[in-house]
Every structure is written in C-alpha cells, then in structure tokens.
S.K.: 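Pasting a structure below so you can have a look.
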There are 4 protein chains.
Amino acid sequence: MDIIVLKQGATEEEIRHIVKKLEGRDLKANVSRGTERTIIGVIGDTSKVSEEEEDAIRAAAGVESVVRILKPYKLASREFRKDNTEINVKGTVIGGSRIPVMAGPCAVENKTILTAIAEKVKSAGAAFLRGGAYKPRTSPYSFQGLGEEGLRYLAEASEKTGLPIITEIMDPRDLDVIVRYADIIQIGARNMQNFRLLLEVGSARKPVLLKRGLSSTIKEWLMSAEYIMSRGNHEVMLCERGIRTFETATRNTLDLSAVPVLKQLTHLPVVVDPSHGVGKWDLVAPMAKAAVAAGADALIIEVHTNPEEAMSDGEQSLRPDHFEKLMEELRNVAASVGREI
Amino acid sequence: MDIIVLKQGATEEEIRHIVKKLEGRDLKANVSRGTERTIIGVIGDTSKVSEEEEDAIRAAAGVESVVRILKPYKLASREFRKDNTEINVKGTVIGGSRIPVMAGPCAVENKTILTAIAEKVKSAGAAFLRGGAYKPRTSPYSFQGLGEEGLRYLAEASEKTGLPIITEIMDPRDLDVIVRYADIIQIGARNMQNFRLLLEVGSARKPVLLKRGLSSTIKEWLMSAEYIMSRGNHEVMLCERGIRTFETATRNTLDLSAVPVLKQLTHLPVVVDPSHGVGKWDLVAPMAKAAVAAGADALIIEVHTNPEEAMSDGEQSLRPDHFEKLMEELRNVAASVGREI
Amino acid sequence: MDIIVLKQGATEEEIRHIVKKLEGRDLKANVSRGTERTIIGVIGDTSKVSEEEEDAIRAAAGVESVVRILKPYKLASREFRKDNTEINVKGTVIGGSRIPVMAGPCAVENKTILTAIAEKVKSAGAAFLRGGAYKPRTSPYSFQGLGEEGLRYLAEASEKTGLPIITEIMDPRDLDVIVRYADIIQIGARNMQNFRLLLEVGSARKPVLLKRGLSSTIKEWLMSAEYIMSRGNHEVMLCERGIRTFETATRNTLDLSAVPVLKQLTHLPVVVDPSHGVGKWDLVAPMAKAAVAAGADALIIEVHTNPEEAMSDGEQSLRPDHFEKLMEELRNVAASVGREI
Amino acid sequence: MDIIVLKQGATEEEIRHIVKKLEGRDLKANVSRGTERTIIGVIGDTSKVSEEEEDAIRAAAGVESVVRILKPYKLASREFRKDNTEINVKGTVIGGSRIPVMAGPCAVENKTILTAIAEKVKSAGAAFLRGGAYKPRTSPYSFQGLGEEGLRYLAEASEKTGLPIITEIMDPRDLDVIVRYADIIQIGARNMQNFRLLLEVGSARKPVLLKRGLSSTIKEWLMSAEYIMSRGNHEVMLCERGIRTFETATRNTLDLSAVPVLKQLTHLPVVVDPSHGVGKWDLVAPMAKAAVAAGADALIIEVHTNPEEAMSDGEQSLRPDHFEKLMEELRNVAASVGREI
C-alpha cells in the first residue's frame with residue numbers, strides 16, 4: 001500500500017483524475033479528507049507500480065508527495081526469505097556461524113609475490129584469497145592490472161594453498177574469462193550501479209560479492225542486489241567498504257551500522273572490508289574487530305608481504321605478521337559474540 | 001614537485017631509505033629539517049609518479065603524509081591548453097559565447113511523442129534534442145529504454161527538426177550502434193568511473209558529455225575526462241547535475257560553484273543539468289537561470305509534452321509552454337552576462 | 001494528518017493499543033488493512049503532537065514507521081502567511097523587488113580600516129555595512145573580535161556613511177549591548193541550533209539574519225526561524241552560506257537551490273552569502289550573480305581594502321575595485337530577472 | 001613547518017613579498033624552485049601563525065595554496081602528552097582499562113521514573129547516571145526539560161544509587177547551577193562549536209564530555225577540546241555520537257573509525273554513544289559491542305523503563321531488560337580485547 005499526499009487546495013477534479021489513474025492500473029483508492037490535507041491510500045499490489053509510474057503520479061496536478069510503504073526490492077528482502085542465505089563456496093560457508101576471512105593483495109602483481117602472500121594468509125587462517133587482475137583506477141596513467149595473466153596466477157596460488165579465489169569484474173565482456181578462474185566474483189563500489197554488469201553476473205552461476213557504492217543508500221544497494229537476483233543468481237553477498245562523507249581523517253567512513261540494518265532487511269550475508277573503509281593499515285585491526293562484534297558474516301582484508309612495494313593501495317595493506325596477530329584477536333572477539341573465525 | 005611529511009621521530013635510516021627510493025625513480029630529494037617535523041621536497045617530473053607509487057611512499061616507515069602539488073590530470077588542465085575548447089557539433093558550437101540548450105524527454109518512449117516534443121523544443125529555441133534509448137534505472141523492474149528502436153526514433157526526430165542528438169551509453173558493447181545515431185554521446189553520473197566505458201568512448205570520434213558522479217569530487221571528475229582524452233578524444237564536455245548531500249528537499253544538490261571552479265581548472269566546456277539537479281520541475285527555471293549567470297556554456301533540460309505520462313522522471317520535466325517561457329527568460333539572463341542563448 | 005505504518009504481522013492488540021493512545025490525545029484513527037501492511041491514518045490536529053509523542057509512537061510495539069504530513073513549523077510557513085514578508089530597516093526593504101547588498105569586512109579590526117571600507121562599499125552601492133565584533137573562531141588562539149569596541153567603530157562608520165549595520169551575536173549575555181548598536185542581528189551558522197540564543201533574539205525588537213547551519217536541512221533551518229518567531233519577533237531573514245559536503249574544491253557547497261525551495265515553503269526573505277559559500281574571492285562574483293538569478297532577496301559579501309592584511313577570512317574578501325565591478329554586473333543580472341539592486 | 005605553494009608563473013616580486021611577510025613574523029623562508037612550481041617552506045614556530053594570518057598568506061598575490069604541517073591543537077595532542085589521560089570521577093576512572101557505562105533516560109521527566117531507571121541501570125552494572133534537565137530540541141513547541149528541578153531529581157537518584165551524574169549544559173548562564181549538581185558536564189553535538197560555552201566550562205573544575213558535532217571533522221572536534229583545555233580544564237572526554245551523511249536508514253552514521261583515529265591523535269578518553277548514533281533501540285546493542293571492540297574507553301546509552309512513554313527519544317531507548325542483557329554481552333566483548341566493563 002502506498003500513500004499519495006495532496007496539496008492543500010487540491011480540487012475535486014484533480015482527486016478524481018488521480019483515482020481514475022489508479023483504477024486504470026487495477027488499484028483501489030481510499031480517499032481520506034483531513035482538515036488540512038487530503039490523502040489517498042492506494043490499495044492493491046502496488047509493488048507492480050514502477051518508478052516511472054510513481055514519477056507520473058508525483059507529476060500529476062494537486063499532488064504534493066508520494067510515500068511508498070512497500071520496499072522496492074523483493075527477492076533480497078527478509079520478508080521473501082526468513083532464513084539467512086548461506087553460500088557454500090568449495091565447502092566454506094558464508095552466512096553461517098563461522099566468519100571466513102578473505103585476504104590477499106589489492107592487485108595481483110606477479111606470481112612470486114602472490115604465492116608468498118597466499119601461503120602467509122593461508123597459514124594465518126584466511127579462508128579465501130583475494131586479488132585484483134582488473135583494477136579500477138582513478139587515473140588512466142596508473143597500473144590497470146595484469147588481466148588474464150593475473151587470473152592465471154590466482155589460479156596457481158589457489159591450487160597451491162587450497163584457498164578459493166575472489167576477484168573483481170569491471171566489464172561485462174570479461175565475464176567468461178573471469179568465471180573460468182574465480183570462485184566469487186566481486187563487483188566494486190564504482191560499479192554498484194553499473195546495471196548492465198549486474199545483469200550479466202546475474203546470469204552467471206557464481207556467487208557474487210557486491211560492494212556498496214561510495215554514496216549509495218542501503219536501499220539502492222539492495223536494489224542492485226535485486227538486479228543480480230532478478231536474473232536467477234541468488235548467491236549474493238553485500239560488502240560494506242565505507243561511504244563518502246565530509247571527514248578526511250579516514251579514506252572513507254566505514255558504516256558499521258549497515259551490518260545490523262542489513263541483517264534486519266535482508267537474508268543475504270554481510271561482509272565488511274575494513275581496509276578500504278579506513279585506508280590506513282594501522283586502523284584496520286580495530287575496525288575488523290568492531291565489524292565482527294557488529295555481526296559481520298565475513299571480512300575481506302588487504303595483506304601484502306611488502307606494502308611499501310605494492311602496486312596499489314599499499315598504505316592500507318597489513319603485513320603478514322600483523323595479519324596473523326589480527327586473526328588471533330578476531331578469534332577472541334568472534335568467540336565473545338558466539339561465533340568462530 | 002611533491003612533499004613528503006615525516007612523522008615526529010622519523011629516523012635517519014628511514015629518511016635515507018625514502019631518499020634512495022626517490023632517486024631510484026629519477027627524482028631528487030630536498031630534505032628540510034624543522035624543529036618539529038622533517039619534510040622532503042621531491043624535485044623532478046613527479047607527474048610520472050603513479051598513484052600506486054604514491055601509496056607505496058605513504059606506506060613507508062616514518063612517513064606521515066604525502067602532499068601532491070601537481071594536478072594528476074594533464075590533457076584536461078588549463079595549463080595544458082590556455083584557450084577554451086570549443087566543440088563544433090553540426091555547426092553549433094559548445095564552449096563559445098553562445099549557450100546552446102539541449103532539451104527533450106528523459107527517455108524515448110515512442111515516435112509520436114518524441115517527434116512532438118522535438119518540434120516543440122526546436123521552436124522554443126533548443127539547439128539539441130536529448131532523449132535516452134538505454135536507461136540506467138535503480139530497479140530491474142522499471143522500463144529500461146527502447147534500445148536501438150529508440151535511437152531510430154531519435155534519428156527520425158532529428159531529421160525532421162534539424163536538431164542534433166545527444167543520448168546516453170551504458171555498456172561498451174553498445175558503442176557501435178550508438179555512434180551510428182548520436183551526435184553527442186552522454187556518460188551518465190553512475191558511469192562516471194566506469195573506466196572501461198570511458199576508454200571505449202575515448203577511442204570513438206564523437207563528442208562526449210561526461211556527467212559528474214553523485215559523490216565525485218571535481219578532481220575525480222577531471223580524471224575521468226582525462227581517461228577519455230588519454231585515448232585521443234579531446235571533445236569532452238563536463239556536465240554538473242547535482243551531488244548527493246544530506247539535504248532531501250531536492251533530489252540532489254546542484255553544485256553551481258563547480259562552474260567557475262572548472263573554468264579555472266580546465267579548458268573544457270561546462271554544461272549544467274538543472275532537471276536532475278533539483279528533481280522538481282518548478283525549481284528548474286530558477287536554477288537554469290542561475291547556471292547561466294554562473295557561467296555555464298550549455299544547459300540540458302528535460303521537457304515532456306505530458307510529464308504525467310512520462311515513463312521516466314516525469315516529476316522533473318517541464319511542459320513545452322514552461323520551457324518556451326524559460327527560454328525567453330534565459331535570453332535575458334544570458335544577455336546580462338554578455339552571452340546569448 | 002499523519003500516517004502510522006505497521007510492521008508486517010502487527011497484532012490486533014498492538015493496533016488497539018495505538019488507536020487508544022491516539023484517542024487519548026483527541027485524535028481519530030483510520031485503520032486501513034492492506035494485503036501486505038496495515039496503516040493508520042491519524043485524523044485531527046496532529047500539529048499538536050510533539051516530537052516526543054511522535055517518538056513514543058515510533059517506539060510502540062508493532063510500529064514500523066511514522067510519516068508526518070504536516071510541516072512542523074507554522075509561523076514561518078507560506079501557509080501561515082501567503083504574502084512575502086518585507087523587513088524595513090531604516091528605510092531599506094529586504095524582501096521586496098529591490099535586492100540590497102550588505103558588504104564589509106569579516107571582522108572589525110580598527111576604526112580607520114573599517115571606515116575606509118564602509119565608504120568604499122557605500123559608494124559602490126551597498127545598502128548595509130557588515131562586520132563582526134564578536135567572532136566565532138575554530139581555534140582558541142585566533143583573534144576573537146574587538147567586542148564592544150568593534151561595535152562602537154561600526155556605529156561611527158554607520159554614522160559617517162548612513163549605512164545601517166549588521167553584526168553577529170554569539171552569546172545571549174551580549175544581547176543588550178549588541179541591540180544598542182546593530183540594525184540587524186546575525187546568528188552565525190554554528191549557532192543555528194543554539195536554541196537559547198534563538199529564544200533570546202526572539203524577544204529582541206530587531207530584525208534577525210539567521211544563517212543556515214553547515215549540515216542543517218532546510219526543514220531544521222525553518223524550525224530555528226520558528227524558535228525566534230515563537231517569541232514574537234517575526235522579522236527573520238534566512239541566509240544560505242554553503243553546506244558541508246565531500247567536495248573540497250570550495251570551502252563549502254553553496255546550495256543555491258535552497259533559494260527557490262524556501263520561496264515555496266516560507267514567506268521570509270532569503271539572503272545569500274557567496275563569500276562563505278565558496279571561500280575564495282575569485283569565485284564570489286559568479287556565485288553572487290547566480291544567487292540573484294536564482295531569486296535571492298539580498299546578498300551579503302565580504303569586502304576588504306587589503307584582503308592580505310585582513311585578520312579573518314582574507315582569502316574570500318573582495319577588494320573594493322572588484323566589488324564595484326561586481327555591483328555593476330549585479331545590476332544587469334537583477335534587471336534581467338525584473339529586479340533592481 | 002608549513003608549506004606555501006605558489007601559482008605557476010608567480011613573479012619574483014610576489015615571492016619576495018611573501019618572504020618579507022614571513023620574516024616580519026620571525027619565520028624563515030626556504031624557497032625551492034621546481035620545474036613546474038615554486039614552493040616556500042616556512043621554518044620556525046609556525047604554531048604561532050593564527051588562522052587569520054594563514055588566510056592572509058592565502059590571499060597574497062601568487063599563492064596557490066598553503067599546507068599546514070603542524071596540528072593546530074596542542075594541549076589535546078598526543079605529542080603534548082604521551083600517556084592516556086585518565087579522568088577520575090568519584091572513584092570511577094575513564095580512560096583506563098575498565099570501560100564504564102553511562103546509562104539513563106534522554107530527558108529527566110519526573111522523580112519516580114528517574115529513580116526507577118537509576119536503580120535498574122545500577123543493578124545492571126552502569127557506572128554513571130545520564131539524564132538531561134536542559135534539552136536542546138529542534139522544535140520550540142517540544143518539551144525543553146525540567147531545568148533545575150530535573151537536576152534535583154538527578155541528585156536524589158544519585159544519592160540513592162551512588163551513581164555519579166552526567167548532564168548537559170546549553171547556556172553559559174546555567175553553569176553555576178549545573179556545576180552544583182553534575183559530576184560530568186556534557187556539551188551536546190549542536191553546541192560543539194558554541195565557543196563561549198566551551199570557554200565557560202573550561203574555567204569550571206568539572207570533567208567535560210564533549211560530543212562531536214553532526215558535521216564536525218575530527219580536527220575541528222579536537223580544536224573544540226583545545227578551547228576547553230586552553231582555559232585550564234584538562235579533564236575532557238570526546239564522545240562520538242554519529243555524523244550526518246546521506247544515509248537515512250539510521251538517524252546518523254556512527255563513525256566508529258573515529259575511535260582508533262582519536263587514540264592516535266590525542267591522549268583524551270574516547271566515549272561512544274550508540275543510542276544517538278543509530279536512533280533505533282534494536283541497533284544499539286550491536287553498535288555498543290562494536291564500539292568496545294574498536295577501543296572505546298566508555299559508553300553512554302539511553303535506557304528507559306517505558307520507552308513508549310518517554311518524553312524524548314523514546315525510539316532509541318533500551319528497556320532495562322535489554323540493557324541488562326547488553327551489559328552481559330559487553331563484558332564478554334570487553335574481555336576479548338583485554339578490558340573489563
């Protein structure tokens with residue numbers, strides 16, 4: 001049910017016009033005349049009313065505002081599915097009581113470094129290897145990733161360590177090649193509303209990690225998950241990685257309250273990326289612990305054997321020894337909230 | 001020249017290490033020891049220092065922060081080209097003393113409506129016909145545009161009225177077909193950092209209108225223009241269309257100060273879209289006039305013969321009679337700042 | 001009329017409980033049971049429902065959200081008063097067809113400089129002299145203003161030039177002294193929600209210029225105007241001076257769309273301060289012109305004979321010759337929208 | 001040391017002029033001429049350069065920007081005091097290894113309710129009683145607090161339970177009366193830059209809890225702490241309570257990364273207020289746990305025996321049973337990071 005608030009002084013003809021419009025869409029109108037405002041309650045399956053029809057009603061003469069009561073997403077909503085979605089990737093479950101940690105370098109640089117990092121994070125207890133072969137970079141003059149070569153290195157590191165792989169897609173034309181190598185496909189923050197890309201991964205048979213856009217509301221984020229799910233791929237996890245605010249002390253503002261909010265609104269697993277959230281390695285550990293305490297289902301953390309030589313985001317990468325220490329601390333925090341790493 | 005600020009207590013060894021790193025990149029280091037901080041001035045062509053190298057320096061032991069003095073974009077900068085870039089599209093110049101207005105519906109819905117709108121905006125004095133055939137929509141259940149059919153309708157309306165066409169691209173795979181029909185290719189706000197798409201239109205031989213991302217800084221926006229230009233396409237115009245802030249009285253916050261800021265930083269033409277900026281038709285006229293007074297080189301405005309029946313963004317579309325009145329008002333404002341519509 | 005949206009699965013008992021609560025406040029409840037949600041329309045004078053009662057309803061079992069239809073401000077609303085409020089200060093009207101310009105230094109520094117500036121802005125056509133005697137400064141170690149001495153200099157400069165004075169109040173304890181000297185009392189952005197100060201100036205018999213808070217919504221701003229008006233002082237003008245966003249190219253983001261939005265919501269005059277809005281003197285002129293084109297009723301602009309020696313905000317002050325040129329340009333823009341300076 | 005970046009093409013005369021200015025302030029200038037830019041390193045005690053002098057340099061001909069290297073706050077900085085400040089309030093230490101919890105209603109409503117709540121939070125393990133006698137409210141028509149009567153009720157509840165009191169000050173004229181009753185004086189978010197109020201509490205001999213402003217940067221927040229400390233009162237604690245962003249799913253966005261950032265920048269204790277941060281009681285518990293995991297030194301939480309009847313902020317208040325459960329959970333999380341509640 002939706003509500004249409006009319007302007008003070010809306011005429012009877014304007015009201016009739018709107019009621020007729022609604023009836024033409026198989027909806028019933030419940031007109032309530034108050035002392036200061038008249039409102040129209042819209043009864044029926046208003047979820048079929050599209051954004052453009054809503055816009056049209058908003059543009060009608062006499063209308064002040066339209067309040068939508070129903071959520072615009074369905075498949076992603078907690079109402080649609082009461083139980084938490086658990087995504088099983090080669091035996092590791094995301095969305096259950098265990099909290100898997102995805103770790104690795106921001107970008108794949110070469111085979112030797114990648115394998116070294118993979119072995120380190122594996123031995124520290126990571127459950128997935130992360131690493132970008134296709135990198136979205138602000139500058140056209142920056143390193144853009146190794147492409148398929150990088151995917152091959154990831155596959156080799158995965159074979160050596162047994163860690164499944166998560167890697168980012170930037171272009172629908174890369175889907176086929178990425179699907180061949182990746183265990184989880186990542187959609188980056190800048191592509192959260194790249195709707196063509198969402199539809200494309202929606203038709204893939206691989207779990208998707210959908211990062212929140214820099215200035216996306218939680219509702220828009222769930223709508224983007226809905227895009228993927230509407231194509232049949234229901235294995236979507238949502239990754240909070242910081243939003244853009246006025247504060248510049250951190251690279252972004254990690255919105256940890258998104259974790260419990262999402263747990264109420266959706267059945268999909270919630271992942272937190274403290275590395276991009278704060279952008280400085282020495283702030284990663286406290287925020288990773290806070291994410292676990294807030295109820296995150298998984299973490300994704302940047303680790304590099306030599307952050308200073310990293311070709312991307314070195315400043316926010318943990319060294320393996322720091323990562324190992326963090327994993328121990330995370331085990332304690334997870335236990336304190338009844339979960340395990 | 002860039003500046004590296006060291007932490008209080010940075011050791012001599014840490015300083016030597018950084019200096020050596022810089023020299024390895026053919027840069028000279030000028031170490032200044034203050035009473036409270038030591039800073040290193042980096043001398044040489046630091047524009048070649050990539051983001052990742054900068055990150056690496058930031059991650060080095062002893063470093064507190066790195067201040068980049070030079071702008072990270074070149075081709076787009078006013079330093080690179082002192083004179084304003086003028087883009088000539090079928091005889092109409094964008095970036096000169098005349099301020100062309102691009103007008104039309106948000107989405108192309110059908111041939112009859114589109115032609116009717118095209119004729120109306122033409123007679124009111126518009127210089128371009130706008131209309132989306134591929135529409136980025138928040139919901140997967142909303143109208144996504146007519147695709148190539150929509151492009152054909154645009155072409156027919158263009159032929160009838162003589163108005164050149166501007167239309168949006170969402171997917172690199174659509175470039176070939178869009179290039180056949182469009183006179184200006186539009187990159188929407190949500191794709192401002194869809195770097196693959198930027199590179200793709202960078203290799204096209206068509207002018208590009210690049211909308212500002214919802215939460216993009218002016219610097220990031222210019223970097224995205226640089227992406228396009230780096231591929232050889234220098235006919236880029238920048239379109240302010242509102243940024244996301246905490247204020248909800250308007251759909252977005254139209255940042256008109258971006259107009260004079262851009263006129264200082266870049267030689268590229270600056271366009272303003274008041275329709276998306278405010279999201280309500282009755283606020284469009286004052287903001288269009290303000291944009292002209294602030295120095296905009298062109299405007300892009302949504303017009304629909306029947307906003308209430310529009311399939312997209314009806315609420316923010318002007319009716320032709322309002323548009324006609326606005327065009328007259330704009331002529332006065334333009335004249336008052338020494339320009340013409 | 002307000003609307004209470006219930007959670008899916010709200011029980012009949014919960015509904016009865018809410019209905020009873022409303023009836024206890026002399027309101028009638030109109031319960032509509034939809035297929036997915038039940039909503040309660042609240043009929044009666046809901047403007048008497050305070051924030052805390054609204055909170056209480058929100059906290060009641062079974063409630064998902066409360067939608068308030070009526071505006072929380074009354075005296076400030078356009079519904080309360082259809083005609084524009086015109087404020088007459090010593091013969092100069094703010095809110096009429098003329099657009100007065102208030103100009104002067106950020107802070108009053110000494111008598112000689114102030115008088116020199118006052119004479120310059122007077123001869124360029126300014127209608128008011130601005131200048132701070134009490135200065136809100138981010139740092140306790142910065143110049144905090146001359147206090148009453150500064151007020152005396154303002155009074156002398158006013159006597160010489162005939163320009164009425166606008167100056168800022170920071171502390172309720174300073175009201176008596178400021179009222180003796182000032183013609184308009186300014187409430188700065190940082191004090192927009194200093195409610196005690198608002199009540200205090202509400203009981204003064206002087207016009208008040210209320211600056212928008214850095215992160216205040218237009219609604220909150222109007223509520224602060226309501227605070228002043230609720231004490232009997234209806235001569236309030238609203239001054240847009242830029243809001244805080246993620247963009248750092250300008251000091252703040254001047255939200256010019258607030259001008260037409262306010263003209264719809266309120267009868268109070270709207271003033272624009274482009275100097276604080278952008279923070280750089282060479283961006284002031286285009287934004288001042290844009291403000292006039294957008295419908296501003298007055299402008300307030302910083303002018304200093306020697307910006308480089310100014311004790312506060314030098315960077316954003318115009319030199320008298322630039323101000324004179326701007327005034328001429330503003331006359332043209334004002335004429336183009338049917339007004340005068 | 002600070003850095004002045006000159007515009008491309010700055011003249012020798014402009015450079016000489018700036019150098020002379022600096023020398024007049026007993027500073028030395030180190031001019032470095034790069035290929036694209038000249039920069040001036042400022043050597044000497046630049047902490048004495050005030051904001052207004054910095055502005056003046058920015059306004060000087062030839063200057064592009066000024067980069068300040070030194071932090072503008074001193075007494076509040078970690079450099080000034082290496083060890084954490086511990087504030088002892090009637091035997092309870094804030095800033096030590098124990099994490100005290102301050103709990104109670106948003107506003108003091110009457111003696112019976114307050115005492116009931118005080119007893120409940122005491123028995124659950126709270127260390128302080130919070131409650132507002134002077135309430136900042138958006139609307140002039142809302143309950144503004146009981147004033148001194150409320151303070152007396154707080155004192156009685158304190159006597160009964162042994163819990164020290166924290167309560168808010170809004171007006172410098174209330175200082176004397178508040179000091180008589182309160183153990184900690186709270187400065188609310190809206191008054192974070194009410195500089196007169198800061199100076200006033202700076203001369204009191206009571207610990208101060210300084211809430212972060214809705215849109216205040218961490219740097220501005222520390223400057224406000226510096227205001228208080230500059231008057232001799234060094235017992236200041238900083239309370240994160242959510243910042244304003246575009247997201248509307250929560251009342252504010254709780255910026256937990258501020259906790260580790262502050263622990264690096266300052267020696268002052270850091271408190272977190274999850275109730276105002278999220279604004280919904282069912283999100284308070286996860287965020288309280290996250291705050292502890294992130295390193296908070298204390299928490300402040302709203303508790304009400306009957307949230308639905310609360311006269312202020314009912315929606316975000318925990319019921320005593322929920323609070324009791326939360327306290328148990330917090331004990332576990334605190335232990336997992338080596339601390340106690």
Side-chain angles (χ1 to χ4, degrees), chain B residues 1-10 22 26-49 63-72 74 77-80 82 213-216 219 242-253 264-265, chain D residues 1-10 22 26-49 63-74 77-80 82 213-215 219 242-253 264-265:
Chain B
M1 178 177 278
D2 290 345
I3 292 155
I4 300 168
V5 182
L6 300 182
K7 286 182 181 154
Q8 229 182 355
L22 292 170
D26 273 332
L27 298 165
K28 269 170 57 181
N30 176 2
V31 182
S32 299
R33 286 171 173 83
T35 43
E36 306 213 25
R37 283 281 189 290
T38 294
I39 65 165
I40 302 177
V42 186
I43 299 169
D45 185 0
T46 55
S47 68
K48 278 181 199 146
V49 175
V63 172
E64 183 167 295
S65 61
V66 174
V67 182
R68 299 210 73 167
I69 303 302
L70 294 183
K71 299 186 178 79
K74 284 160 189 270
S77 73
R78 185 62 89 176
E79 280 93 345
F80 179 76
K82 292 260 172 300
L214 266 77
S215 62
S216 292
K219 190 170 133 184
I243 56 174
R244 182 159 276 183
T245 68
F246 60 83
E247 178 60 69
T248 56
T250 42
R251 183 167 169 172
N252 297 291
T253 298
Q264 293 182 353
L265 298 177
Chain D
M1 177 178 277
D2 291 344
I3 292 152
I4 299 167
V5 181
L6 300 182
K7 285 183 181 155
Q8 230 183 354
L22 294 169
D26 273 331
L27 298 165
K28 270 173 55 183
N30 175 1
V31 182
S32 298
R33 288 174 172 81
T35 43
E36 307 214 22
R37 283 284 187 289
T38 293
I39 66 166
I40 302 177
V42 186
I43 299 169
D45 184 0
T46 55
S47 69
K48 281 183 199 143
V49 175
V63 172
E64 183 166 294
S65 60
V66 174
V67 182
R68 297 209 75 167
I69 303 303
L70 293 183
K71 298 185 180 80
Y73 46 88
K74 281 161 190 271
S77 74
R78 183 63 89 177
E79 280 92 344
F80 179 76
K82 292 261 173 297
L214 267 78
S215 62
K219 191 170 133 186
I243 56 173
R244 182 157 277 182
T245 68
F246 59 82
E247 178 61 68
T248 55
T250 42
R251 183 166 167 175
N252 296 291
T253 298
Q264 294 182 352
L265 298 178

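In what follows, chains carry the letters A, B, and so on, assigned in the order in which the sequence lines appear, proteins first and then strands, with residues in each chain numbered from 1.
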S.K.: Could you state the interatomic distance from CD1 (D:Ile39) to OG (B:Ser32), rounded to the nearest 0.5 Å?
M.R.: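 The distance works out to 8.0 Å.
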
S.K.: Pick from D:Glu247, D:Lys28, D:Glu79: which one has the most heavy-atom pairs with chain B under 4.5 Å?
M.R.: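 Answer, by heavy-atom pair count under 4.5 Å with chain B: D:Glu79.
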
S.K.: Nearest 0.5 Å, please: how far is CD in D:Gln8 from CZ in B:Arg78?
M.R.: 13.0 Å

S.K.: Between B:Lys7 and chain D, with a heavy-atom cut-off of 4.5 Å, which part of the residue counts as in contact: side chain, backbone, both or neither?
M.R.: neither

